[in-house]
Every structure is written in C-alpha cells, then in structure tokens.
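The model shown is predicted, which means the values in this text are computed figures rather than measured ones.
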Amino acid sequence: MDIPLSTIAVVGLGTMGTGIAEVLTRAGREVIGIDISEAAARQAVASLEASTARAVLRERITEQERHDILARFRTFSDLRAAADAELVIEVVPENYEIKQQVFRELDAVVSPTTILATGTNALSVTRLAAESQRPERVLGLHFFNPAPAMKLVEVVSSVLTAPPAVESVTRLARELGKEPVAVGDRPGFVADGLLFGYLNQAAAMYEANYASREDIDAAMKLGCGLPMGPLELLDLIGIDTARTVLEAMYAASHDRLHAPAPVLGQLSEAGLTGRKAGRGFYTYDAPGGQTVVPDAMTPTAGADAGAGRPVSSVGVAGSGTMASGIAEVFAKSGYGVVLAARSQEKADRAKARIAKSLERSVTKGRMTAEARDEALARITPAGTLDSFADVDLAVEAVAEDLDVKRELFATLDKVCRPGAVLATTTSSLPVVAIARVTARPEDVVGMHFFNPAPAMKLVEVVRTVLTADDVHATVREVCRKVRKHPVDCGDRAGFIVNALLFPYLNNAIKMVEEHYATLDDIDAAMKLGGGYPMGPFELLDVVGLDVSLAIEKVLHSEFRDPGLAPAPLLEHLVAAGCLGRKTGRGFREYARR
C-alpha cells in the first residue's frame, strides 16, 4: 500500500530535530515542528533561516527557494498540531517515560494511518510500539548528527511493524538523498551498536592510565584514518548520552564490553558531559564550544623525560613489505640504513622494491630524482645480521611469531654493539618476552609502524617495565626526525590501535552471525554513520582474516574477557582458507589478478 508522506511532524526541536526538519523542508515536505519550549522553536526557525541564507550566498539555492523552504516550516508547542501529519518523527530525550507520554498523546491526536517514528538510538522500539494503540505503525527512524550532512538513516522494524510502513519511510529516506539501512530492534542498532562498544573501551583504556587522552585519539585518527578520536567523539556526542546508550546495550547483551566504564558515570555525575558543558575528557573555550583549551592534563611541549642516545645509522631486519617500507622511511630522512634479510638475494629484492616505491614518488612529483638517488644510496642490503655490528638502532620487521622474534633478538644481542637500541615492530606480541632473551632488556623497546610505513604517520612506542628512560626518549626523537607521530603505550596485547579496533571488527562479525544485518548494510552504516574510511568487512579482507584471527586470539588470551573470544565465523573462514583479498575470497569474493 502506497502511503504518501507529504506532511511530517517533528517532535522535539533540539539539534537533531532541527536538522531533520531542515532536511525535510529542503526536500519539499510540509514540516510541523513541535516543542514545549518556545525558545527551542524560535532557535529552530533561526537555525533554518541561517542555514538557508548561507545556501543562497553559496548559490546552492535561489532566494525564492529559500522563501519556499521557510514557508514550509511551522512551529507549535502542542502535540495536537500533528493531527494532519502522515508521519510523526519524535526526537525527544532518551527516556522511556517521556517518549511513552509523547506516543500516548499522539495516539489520541493523529489519523489511524499515520506512521509514528522514534528517533531513539538506545531504547527498545518494540517496547514503545507495544504500548501504542497502533503498534503496527510504530518504527524507528534513526538519523545521524548533523542530519543535513550525514547520509545514513537506520530504519528499525520491531516484530510488530507492518511492512508497508517500513516501505514508506524507506522510500522517503531515499527521496531525501539518504542511504536507508534496514535493521532489527536492538540497542544501538548497527552503527551505534558497534561504535559505542569501541568508545567504551577507549574510555576504559584512558581510565586505566594506559595511555593519555591525546595519544588514544591520535592513535585512532592516524592509525585508522578516523575523522575524530574516540574521546573527542564522546565529548561531541555527550558523555551522559553515551552512558545511557551503553546502559541499554549492556541490559540487552550482558556483554562486559558494553558495561559503561566507571569514568563515564563519574564525569556525568559531575556535570562534565563534554562540549555542551564546556568540559568532558577535554576542556573547551565555553559551554557548547568546539575549541579545546589547555588544562591540567595537557602535555607540556618538549616534556619528554631525559635525553636520548645519538642515532645516525639504522639496521632493519626483514625483507617483506613492512621492512622495506621502514627502511625507505629512514633512508629518506637521511639515516644510513643496513637492510638485512635471510639471504643477499632477498635483501637485494627488498632494495629493488624500495627503488620502485621511490620512483613512484618521483613520478607523482613528491620528491626529486636527486633525492631519490641519495635515499637509495643510503641503503645497504645484506644477507646476514652480522652487518648490524655498528648500527645505533636495530629494528626488526620479521614474521609475527614469538619464537621467530626471540631467536632474532638473541642474535641481535650478540651482534649489535653495546648501547645500541633494539626495537621490535610487533603489533600484538609481548615486547618484554622478546626483550628477556637478551642480556640487555633495558635497551629493548616496541616501535610499531603501520602499513604502508612510508604513508602512515603513526608509530606506537611500547615501553616495557624494563625499558630504560633514554631508550624511550631515543625512539620518540627518532620518530619525530622521520616525520612520524609517536604515541606512548604500555606493553600489553594490541597496544592502542589493535586493542580498540579488533573488538569492534569482531562484534561486526557477530552481527552477521546473528543474521541481524548484512555485510553490505554494516559496511555502509559504519562508513556513512561513523565516518570510517572502510567498512569492517572491507577492512578485515584487506588486513587478512588469518592476521585478524591471530590478533583476536592474543587479545582474548591476555584480557580473558568472553566478549573478546573470536567469532566462530571468523575461525571457520580461516580454516577454509578464505583469508581475504590475498586469497581471492574472505567475507567477499575478489577477482583474481
């Protein structure tokens, strides 16, 4: 049955309600804005006037179109104004009692054919529908903030929702230029269901003093290409709002990953709810402000403890993509580099790979031919680790296998001169277990580059309980000299990035296992609703399912949290040899080259 949706009421004219009203009026709908606060209604009108004026200045709409848009938006303080609406979207505070009261009053006002949509992202749509006189007409319509800019809309069906109602709002979403994703009724739905678990883990990481707020945020932006760090995002969303969503998720899942980190409750109770309060994880220039200002926890510039050791020559052990990339980074920054592999032939091939990479940089105008030749001349390929005898810093980039790395470090201990810094690029193994095979564990540190090393700015600097202060200072200084951003973290599984990234990826797999959403819908939700450069399944196939499974197992083994146990579907795909792009099949199939 075709249900026309030309007149739409929006109940609640806060930031989200105002944004939804703007999207609707611009798309030619008559919009009835309702809020018990006359000030909120006036602000909604002013916001629409301002945004459309900017659109005229930018020549995106004409003055007549602006006039028509403003004429289609009327505001009221009484729900009876929704009587003629074919669709009502409520975006009042995330509270059952408030939403239920709105739905009860709407039941008495609107037509029997009117669709009632809740904008909740945390509460049960089914529970709200069950207490309505027309449960078959109730569904969820979850826009993302800011609604005019964000493309994703989650269309949420309960077991009571009639298919024609879903079809109508889905069609409306497309007509608004949005990307609708059909999901079932569970707290957080797809995007927030995955996002808030990740945000919660970041808050817990900060609370445990594992890493600073600045390093956690920088790690996820630089290591994963995210537009905002998790603690910045919590401040934007509102720490109290995040806690409410997580409480609802935990009530439904009983997964410890969803149990709100205590710091979220402490900040909320103190009124430090983020940007809107002027202070949350960070401090802002004013309530509602966007500019972060220094506070007592802001790091002092140049506050690295102590002086480091001089480094002029670097040894890189390995012949794969990561080793070649790291060698290229050091050579381009003026360091003499010894690139050692298990044979001279492999070392020569690795240098040839670097030569091709440098040539691409010349072709793209990123470096001169002279600079290319100078960088390449600084690299000496070698077929034995004996060539590391005089290096100041030795960096290994061999297989992610503890036995292999321990054997290599035992050799470095014998070969490298006293005082040389020994660094491992492990992404998940305990650095101290590698350090203990040497007679100088104080000289050993983690230096986790990200792939591709020439392009990725992040390096996780992993200090063990035995690492010397000057070794830590040395590595941070070297990172700056090669134009990388170092973040400090302790020696525990996953460090910062993988410890936050892989539980999120694992939870996405569980959603598919539970038939809650499709691969395509989940990927679309996280790209459109979370600003992720890749969806979780795209990323898993790129990283490699075997690599992902290995990291998941390490995280589960270290933290012993049942929620971190690898999803069975991931284990089954790896057992079947479906490892992602490198094998032509993972979660998706790929054309073989």
Side-chain angles (χ1 to χ4, degrees), residues 311-364 366-367 369-401 403-412 415-416 420-427 429 434 446-459 475 478-479 481-484 542-544 546-547 581-582 593:
V311 175
S312 60
S313 59
V314 178
V316 179
S319 58
T321 303
M322 180 60 82
S324 300
I326 293 171
E328 178 181 334
V329 166
F330 281 112
K332 286 194 295 189
S333 298
Y335 289 94
V337 179
V338 178
L339 179 56
R342 286 180 291 178
S343 69
Q344 185 66 44
E345 182 184 8
K346 286 190 174 183
D348 290 338
R349 283 204 301 267
K351 182 172 181 179
R353 185 184 301 120
I354 296 170
K356 290 181 180 178
S357 175
L358 294 174
E359 183 58 38
R360 286 194 294 271
S361 295
V362 172
T363 302
K364 294 176 181 177
R366 295 174 181 167
M367 70 187 308
E370 182 181 9
R372 172 202 63 199
D373 294 341
E374 289 174 353
L376 205 56
R378 296 187 190 107
I379 301 172
T380 303
T384 172
L385 290 174
D386 291 340
S387 57
F388 283 12
D390 297 320
V391 301
D392 303 311
L393 168 64
V395 182
E396 70 77 17
V398 298
E400 190 73 350
D401 181 290
D403 291 336
V404 171
K405 291 185 186 291
R406 284 166 63 94
E407 182 180 350
L408 185 144
F409 268 75
T411 302
L412 293 178
V415 169
C416 294
V421 175
L422 311 181
T424 171
T425 61
T426 182
S427 63
L429 301 174
I434 297 169
M447 197 175 181
H448 179 213
F449 287 81
F450 286 72
N451 201 20
M456 299 294 281
K457 294 294 185 183
L458 180 68
V459 175
V475 170
V478 165
C479 286
K481 287 182 177 178
V482 298
R483 296 181 290 279
K484 300 298 182 186
V542 168
V543 170
D546 52 340
V547 174
R581 286 185 177 271
K582 59 189 174 185
R593 295 181 179 179

Which pairs of donor and acceptor atoms, one on a side chain in residues 372-382, lie under 3.5 Å apart (sequence neighbours left out)?
unit_1, atom_1, unit_2, atom_2, d
Arg372, NH1, Glu359, OE1, 2.5
Arg378, NH1, Ala331, O, 2.6

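- Legend: residues meeting side chain to side chain contact (heavy atoms under 4.5 Å, CB included) with Ala394, ordered by chain and number and at least two apart, are Phe388, Val391, Leu412, Cys416, Leu422.
- Using a 4.5 Å heavy-atom cutoff, the side chains of His448 and Thr426 are not in contact.
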request  = Begin from the C-alpha positions of Ser361 and Met367 and carry the test side chain to side chain contact (heavy atoms under 4.5 Å, CB included) through to its verdict.
outcome  = CA-CA 6 Å; Ser361 295; Met367 70 187 308; 3.7 Å; yes
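- Every residue two or more places apart in sequence or in another chain that forms a ring-ring contact (aromatic ring centres under 6.0 Å, His included) with Phe330 is listed here: Tyr335.
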message = Using side chain to side chain contact (heavy atoms under 4.5 Å, CB included), reason through Val421 and Met447 one step at a time and then give a plain yes or no.
response = CA-CA 11 Å; Val421 175; Met447 197 175 181; over 6 Å; no
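- Every residue meeting the side chain to side chain contact (heavy atoms under 4.5 Å, CB included) condition with Asp401, not counting sequence neighbours, appears here in chain and number order: Asp403, Val404.
- Within the structure, side-chain hydrogen bond (donor to acceptor under 3.5 Å, both in side chains) contacts touching residues 319-330 (residues at least two apart or in different chains) are Ser324-Arg353, Glu328-Lys332, Glu328-Ser357.
- Taking Asp546 as the reference, Val574, Leu579, Lys582 meet the side chain to side chain contact (heavy atoms under 4.5 Å, CB included) condition, with sequence neighbours excluded.
- Evaluation of the side-chain hydrogen bond (donor to acceptor under 3.5 Å, both in side chains) rule for Lys405 yields Glu396 as partners, not counting sequence neighbours.
- When every heavy atom of Ala317 is checked against every heavy atom of Leu408, the shortest pair comes out as CB-CD1, 4.0 Å.
- To the nearest 0.5 Å, the span separating CD1 on Ile434 from CZ on Phe409 amounts to 6.0 Å.
- With sequence neighbours left out, Glu407 forms a side-chain hydrogen bond (donor to acceptor under 3.5 Å, both in side chains) with no residue at all.
- Ser387 pairs by the side-chain hydrogen bond (donor to acceptor under 3.5 Å, both in side chains) definition with nothing, not counting sequence neighbours.
- With sequence neighbours excluded, the residues that form a side chain to side chain contact (heavy atoms under 4.5 Å, CB included) with Met322 are Ile326, Ala397, Phe449, Asn451, Ala453.
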request  = Decide side chain to side chain contact (heavy atoms under 4.5 Å, CB included) for Ile354 and Leu339; before the verdict, give the C-alpha distance in whole Å, the side-chain angles of both, and the deciding distance to 0.1 Å.
outcome  = CA-CA 11 Å; Ile354 296 170; Leu339 179 56; 3.9 Å; yes
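- Asp348 pairs in a side-chain hydrogen bond (donor to acceptor under 3.5 Å, both in side chains) with only one of the listed residues (Lys346, Gln344, Lys351), which is Gln344.
- In this structure, Ala347 and Ala341 approach most closely via the heavy-atom pair N-CB, 3.6 Å.
- Between the side chain of Lys484 and the backbone N or O of Met456 there is at least one donor-acceptor pair closer than 3.5 Å.
- Applying the side-chain hydrogen bond (donor to acceptor under 3.5 Å, both in side chains) test to Arg349 and every residue at least two apart in sequence or in another chain returns Glu345.
- Smallest separation of non-hydrogen atoms from Val415 and Leu385: CG1-O, 3.0 Å.
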